[in-house]
Amino acid sequence: MVPIPTTLKGRDLLRIADFQGDDIGLIIEHADRLKARQRERIEHRVLEDRTLALVFEKPSTRTRVSFGVGMGQLGGTALNLPTSGLHLGGSESVRDTAMVLSRYVDGIVFRTHDHATLEELAAHAEIPVVNGLTDLHHPCQALADLMTIKERFGSLDSVHVSFLGDGNNNVCHSLIEACAALGMSLVVGSPSGYEPAASVRDSAAATASLTGATIGYVDNPRDAATGADVLYTDVWTSMGKESEAVQRRADFALFGLDDAIIQQASDRAIVMHCLPAHPGEEITESVLYGDRSAVWDQAENRLHAQKALLTLIIR
Ligand code: CP
Ligand code: NVA
């Protein structure tokens, strides 16, 4: 095993913009190595005696399981802590929870609604804090997404990514920041009223001016899909927005990934989705389970990318 770089030790990952392109490149390279070792069943217990707290305020399959399993493969322990079983949010403050957990564990993964709550936890924790998804950002998803794109195309250079659907959600926001950091080409196609948050667009524009990334925004799904090497989508109704589901189904009706829209993409196009998917809404069953789908590799890569992240940031 190559020595583990120490440049990211102790760092938080609250949003992709917290890291430079080089940091993300390092995580992906390390993830590739860890994936190979896991596939070959070569031991890599580099976090022995370390403990990770998984504090989840919303449901999760991939994030919860991949962090839990990953920590075990690294020789450490993960504590599954739904907030319903903690004092957090009830009789104990975010600040006190952060201070107490810092005395017991070596890192915290926090999934919560309000991004400001995550920032508050990180401000008071003395150990690395990782965003396991907030309403604004899902950086761990973006790490696995970039790893998957690189795996499929051999490089991130000259890959044109298109995101279709709800531009104003966590997965799209992190994808925008990731493509900006890595100097990639991305177009977001979303209906009027569902554009990415201005804070994310501004931050990505500033990053893109340094990295040479091109990030565009359109409201026509065909324009968004034209020439895409990666066609990416996510649910139209994210967790916490359930009361808007009927309206959203109508507003996004033209933005689904189906066989017709794939015809607009490049010959080598792959399809990505962070999951969970709702076949028949944002993606058809034939596309989700079809030849172009990279969705299951993408889900697997959550494990490898997060193991790499933990290895690099936990002291
Ligand atoms: N993609 C993702 O984060 O899935 P979970 O909600 O199952 O963790
Ligand atoms: N945008 C989705 C992502 C789920 C992983 C949500 O927040 O529900």
Side-chain angles (χ1 to χ4, degrees), residues 13-16 31 52-71 78 80-84 108-118 130-149 163-178 188-191 194-197 200 230 232-245 247-249 251-252 255-257 271-279 281-283 288 293-307 309-310:
L13 176 59
L14 308 189
R15 61 189 284 180
I16 285 288
L52 182 69
L54 304 176
V55 181
F56 280 60
E57 196 184 4
K58 306 188 196 186
S60 169
T61 299
R62 281 142 290 272
T63 309
R64 187 197 312 273
V65 177
S66 55
F67 269 115
V69 169
M71 200 58 189
N80 196 8
L81 302 171
T83 52
S84 58
I108 303 171
V109 178
F110 189 25
R111 172 171 288 201
T112 187
H113 285 279
D114 190 353
H115 195 76
T117 310
L118 172 77
V130 174
N131 181 352
L133 180 149
T134 61
D135 292 347
L136 260 191
H137 295 281
H138 196 4
C140 293
Q141 182 65 54
L143 294 178
D145 297 342
L146 291 182
M147 179 183 177
T148 308
I149 294 170
F163 181 96
L164 268 77
D166 185 5
N168 191 249
N169 86 8
N170 39 27
V171 169
C172 182
H173 288 162
S174 290
L175 189 68
I176 291 170
E177 293 194 346
V188 177
S190 48
Y194 296 96
E195 296 88 357
V200 172
V230 176
Y232 198 128
T233 195
D234 182 14
V235 290
W236 291 338
T237 303
S238 286
M239 290 180 274
K241 303 270 188 199
E242 289 79 2
S243 64
E244 301 172 14
Q247 182 64 50
R248 283 170 171 266
R249 267 197 289 275
D251 293 343
F252 287 107
F255 286 79
L257 292 190
V271 169
M272 297 181 72
H273 191 310
C274 58
L275 301 175
H278 296 115
E281 289 193 18
E282 77 279 359
I283 191 165
L288 178 62
S293 174
V295 168
W296 315 106
D297 289 344
Q298 191 186 351
E300 178 187 334
N301 286 341
R302 295 291 306 277
L303 171 68
H304 309 298
Q306 289 159 197
K307 281 170 68 181
L309 175 70
L310 293 175

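The figures that follow rest on heavy atoms only: side chains count, while hydrogens, waters and symmetry mates do not. Remember, it's 1-based here, ligands and their atoms both numbered in the order they're listed.
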> Taking the inter-plane angle between the rings of F252 and Y194 on a 0 to 90° scale, is it parallel (under 30°), tilted (30 to 60°) or perpendicular (over 60°)?
tilted

> Does R302 come within less than 4.0 Å of ligand 1, judged by its heavy atoms?
yes

> Heavy atoms, side chains only, cut-off 4.5 Å: are F67 and L310 in contact?
yes

> Identify the closest protein heavy atom to atom 3 (C) of ligand 2: which residue and atom is it, and at what distance?
D234 OD2, 3.7 Å

> Distance under 4.0 Å to a non-hydrogen atom of R111: what atoms of ligand 1 satisfy this?
3 (O), 5 (P), 6 (O), 8 (O)

> Could you tell me whether T63 approaches ligand 2 through its side chain, its backbone, both or neither, with non-hydrogen atoms closer than 4.0 Å?
neither

> Taking all non-hydrogen atoms of both residues, which atom of D251 and which atom of P191 are closest, and how far apart?
O-CG, 3.5 Å

> What atoms of ligand 1 come closer than 4.0 angstrom to any heavy atom of T61?
5 (P), 7 (O), 8 (O)

> Give the residue and atom name of whichever protein heavy atom lies nearest to atom 8 (O) of ligand 2, and the separation in Å to one decimal.
M239 N, 2.8 Å

> Can you check whether H138 has an N/O within less than 3.5 Å of an N/O in ligand 1?
yes

> Please confirm whether S238 comes within less than 3.5 Å of ligand 2 when only nitrogen or oxygen atoms on both sides are compared.
yes

> For ligand 2, is there an atom lying under 4.0 Å from some heavy atom of L275?
yes

> Ignoring angles and geometry beyond distance, decide whether V235 reaches within less than 3.5 Å of ligand 2 through its nitrogen or oxygen atoms.
no

> So is there a nitrogen or oxygen of C274 less than 3.5 Å from a nitrogen or oxygen in ligand 1?
yes

> Looking at CG of L146 and CD of Q141, how far apart are the two atoms once the value is rounded to the nearest 0.5 Å?
10.5 Å

> Please identify which of these residues, D135, T134, N170, meets the side-chain hydrogen bond (donor to acceptor under 3.5 Å, both in side chains) condition with H115.
T134

> If you measure from each non-hydrogen atom of K58 to ligand 1, which part falls under 4.0 Å: side chain, backbone, both or neither?
neither

> Any heavy atom of L275 closer to ligand 1 than 4.0 angstrom?
yes

> Would you kindly specify which portion of V171 sits under 4.0 Å from ligand 1, judged on non-hydrogen atoms: side chain, backbone, both or neither?
neither

> Closer than 4.0 angstrom, basic N to acidic O: yes or no for D166 and K241?
no

> Going from CE on M272 to CD1 on I283, what distance comes out if it is rounded to the nearest 0.5 angstrom?
11.0 Å

> Could you tell me which non-hydrogen atom of E57 sits nearest to which non-hydrogen atom of T83, and how far apart they are?
CA-OG1, 3.3 Å

> If the cut-off is 4.0 Å to any non-hydrogen atom of N170, which atoms of ligand 2 fall inside it?
1 (N), 2 (C), 3 (C), 6 (C), 7 (O)

> So which atom in T63 and which in S66 form the shortest heavy-atom distance, rounded to 0.1 Å?
O-OG, 3.4 Å

> Measure the distance from atom 4 (O) of ligand 1 to every protein heavy atom, then report the residue, atom name and distance (to 0.1 Å) of the closest one.
R62 NE, 2.8 Å

> Pick from I149, V171, L164, L257: which one makes a side-chain contact (heavy atoms from CB on, under 4.5 Å) with Y232?
V171

